[in-house]
Every structure is written in structure tokens, then in C-alpha cells.
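I have placed the structure first, in the form of C-alpha cells, so that the comments after it can refer back to it.
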Number of protein chains: 2
Amino acid sequence: MKKADINFSEPLNCPVRNILDRIGDKWSLLILLVLEQEDVLRFNEIHQSIGDISQKMLSVSLKNLEADGLVNRKVYPQIPPKVEYKLTDLGKSLIPFVNALSDWSKQHMDTILRNRTAYKKKL
Amino acid sequence: MKKADINFSEPLNCPVRNILDRIGDKWSLLILLVLEQEDVLRFNEIHQSIGDISQKMLSVSLKNLEADGLVNRKVYPQIPPKVEYKLTDLGKSLIPFVNALSDWSKQHMDTILRNRTAYKKKL
DNA sequence: CGGGATCCCTCGAGATACTG
DNA sequence: CAGTATCTCGAGGGATCCCG
């Protein structure tokens with residue numbers, strides 16, 4: 001080993017694996033970013049902002065984010081029901097890093113797409 | 001919309017979705033970090049560094065990373081074969097952001113695990 | 001309105017065996 | 001050594017219906 005001696009082969013003790021298990025799924029990051037843009041949103045508002053997420057997956061993803069303490073869920077006991085979601089401080093603290101990744105993606109996506117096309121032709 | 005007017009509902013035009021499609025899988029980020037630590041590695045060296053990845057998934061993941069231009073693959077035409085992998089400049093440029101995420105994970109993993117335990121009890 | 005419960009199907013990914 | 005080829009299984013995730 002040369003540098004930080006991170007043990008990548010220990011799934012439970014590897015920070016990269018932990019973070020990926022949390023936000024590496026299809027929707028969680030997207031939900032966090034939507035909530036960051038709008039501050040407070042109701043279930044259907046998130047649903048519409050993302051567009052192509054199913055009700056089920058939105059529900060499941062929100063529940064996971066809530067369980068981890070990244071999102072706060074506030075229920076108004078009324079009929080019809082009203083539920084509001086917002087980021088917790090912990091959730092907000094993750095946003096800058098996600099945005100940094102997003103910016104990297106924006107900058108290099110063209111290059112990556114060109115690389116991929118060239119790679120296919122090479123085969 | 002309040003802030004950057006990102007259109008999250010356009011899968012093809014959403015940087016978050018693009019980056020997740022690239023690195024949101026189970027192994028790609030891990031491979032990038034392993035390569036960053038050791039500079040140049042052969043196939044089986046990566047295999048052993050990660051430990052619990054199958055040959056198949058390592059092969060597939062490396063091929064994708066190569067296609068996107070994040071990893072360079074150098075074949076020595078000899079028997080037995082020898083293949084070396086290293087990060088490209090593009091691959092290297094992604095590392096700091098991944099490390100930032102990894103650090104965030106290290107800092108907050110305890111809190112998240114406690115949140116999750118408390119959430120389960122609440123149910 | 002905000003979900004929960006159920007059904008169903010695709011595909012990610014592991015195990016194994018084989019090859020230049 | 002560095003993969004490829006096949007088979008297989010389980011989970012991720014969509015569609016639909018229902019309920020307080």
C-alpha cells in the first residue's frame with residue numbers, strides 16, 4: 001500500500017461502500033437535490049418535480065432518507081392528508097458534495113460521451 | 001423554481017443522473033479509488049485489493065470505465081498475458097470529489113447508523 | 001392526498017467452467 | 001494470467017388497486 005491504507009476489501013468498514021449504499025441507488029440523490037431547491041415540498045410536488053419516478057419508489061426512497069436522518073417528514077393530521085418533506089441539517093451538509101459531483105459531470109459529460117462512441121467503433 | 005432551475009425530470013439532460021449512471025453502480029468508484037492508491041495495477045491485483053468482487057464484475061466494470069475514458073488499459077502481448085490498468089487524467093480529476101464524499105461518509109456514518117436504529121424502534 | 005399492499009418482470013450480479 | 005460464456009437467482013423497481 002502506498003497512501004492512506006484504506007481497506008477496500010472490508011465492506012463494512014469502507015466509507016465508499018457506505019456512502020454508495022446510501023445514495024448510490026436510483027433516486028435518493030435526486031430527491032435530496034429537489035428538496036434543496038425548493039426547501040419544503042409535499043409528496044406530490046416531489047413526484048412532479050422528478051417526473052418519472054413511481055409512487056412506490058418515491059415512498060420507499062423517502063422513507064430510507066428519513067430513517068437515515070437526511071430528510072424530515074412532517075405530517076398534518078387532517079383530511080385530505082398533508083405531508084411535508086424538507087432536508088435536515090445532515091441532509092443539507094451533503095448537498096455541496098453532490099453539487100460538486102454534478103458540476104464535474106456537467107463539465108465532462110461531452111468528453112465521456114465522445115470517448116464512449118469512439119470506444120464502440122474501435123471494437 | 002427558486003434557484004438553478006435544474007430540470008430533474010429530464011433524464012438525459014440531468015447531470016446528477018448522468019453521474020449516477022456512471023459511478024452509481026456497485027464497483028466503479030471502488031476501482032477508481034484502488035487505482036488511485038496504487039497508480040498502476042494488473043487485473044488480479046485489483047481483484048485482490050477489492051476482495052469480494054467477482055472476476056466477471058471486475059471485467060465488466062473495468063471495460064465501462066475504459067470506454068468512458070476514466071481508466072487506461074495497456075496490454076502486453078506475451079504469454080501468460082499481462083494487462084495493466086491506470087487512471088487517465090479524466091479519471092484522476094474525479095478522485096477529489098469521490099474522496100470528499102468518502103470523508104463525509106466517514107464523518108457522519110455513526111450518526112446515520114444511530115438514526116437508523118432509532119427509526120426502527122420508533123416503528 | 002399520501003401513501004400501503006400486491007403482483008409481476010426485468011436485469012444486476014454471483015458461481016462455475018472454459019480458453020488463448 | 002486475464003479474461004469470456006452460460007446459467008441461475010434474488011432484488012429492484014414498475015403497474016395497479018385500495019384505503020384513511
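A note on names: the letters A, B, ... follow the listed sequences, proteins ahead of strands, and every chain is numbered from 1. No experiment lies behind these values; they were computed from the predicted model shown.
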Hey, is the side chain of [X] poking within less than 4.0 Å of OP1 or OP2 on [N], counting only N and O atoms?
| X | N | answer |
| --- | --- | --- |
| A/Tyr85 | C/dC1 | no |
| A/Arg42 | C/dG2 | yes |
| B/Ser59 | D/dT4 | yes |
| A/Lys26 | D/dG14 | yes |

Of the listed nucleotides [options], the one nearest the side chain of [X]:
| X | options | result |
| --- | --- | --- |
| B/Pro81 | C/dG4, C/dG20, C/dG14 | C/dG20 |
| B/Arg73 | C/dG14, D/dG3, D/dC1 | D/dG3 |
| B/Trp27 | C/dG14, D/dA2, D/dG14 | C/dG14 |
| B/Asn44 | D/dG13, C/dG2, D/dA2 | D/dA2 |
| B/Gln55 | C/dG2, C/dA17, C/dG14 | C/dA17 |

Check: Nearest-Å distance, CD1 (A/Ile53) to C1' (D/dG13)?
Finding: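 Interatomic distance, CD1 of A/Ile53 to C1' of D/dG13: 10 Å.
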
Check: Between B/Gln78 (CD) and C/dG20 (P), how many Å, whole number?
Finding: 18 Å

Note to self: Base, sugar-phosphate or nothing for B/Lys56? Non-hydrogen atoms, less than 4.0 Å.
What the structure shows: base

Notebook entry, point to check: Name the one of B/Ile50, B/Ile95, B/Leu87 that satisfies side chain to side chain contact (heavy atoms under 4.5 Å, CB included) with B/Leu33?
Noted result: B/Ile95

Margin query: Angle between the end axes of the helix from C/dC1-D/dG20 to C/dG20-D/dC1, five pairs per end, to the nearest 10 degrees?
Written below: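 About 50°, once rounded to a multiple of 10°.
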
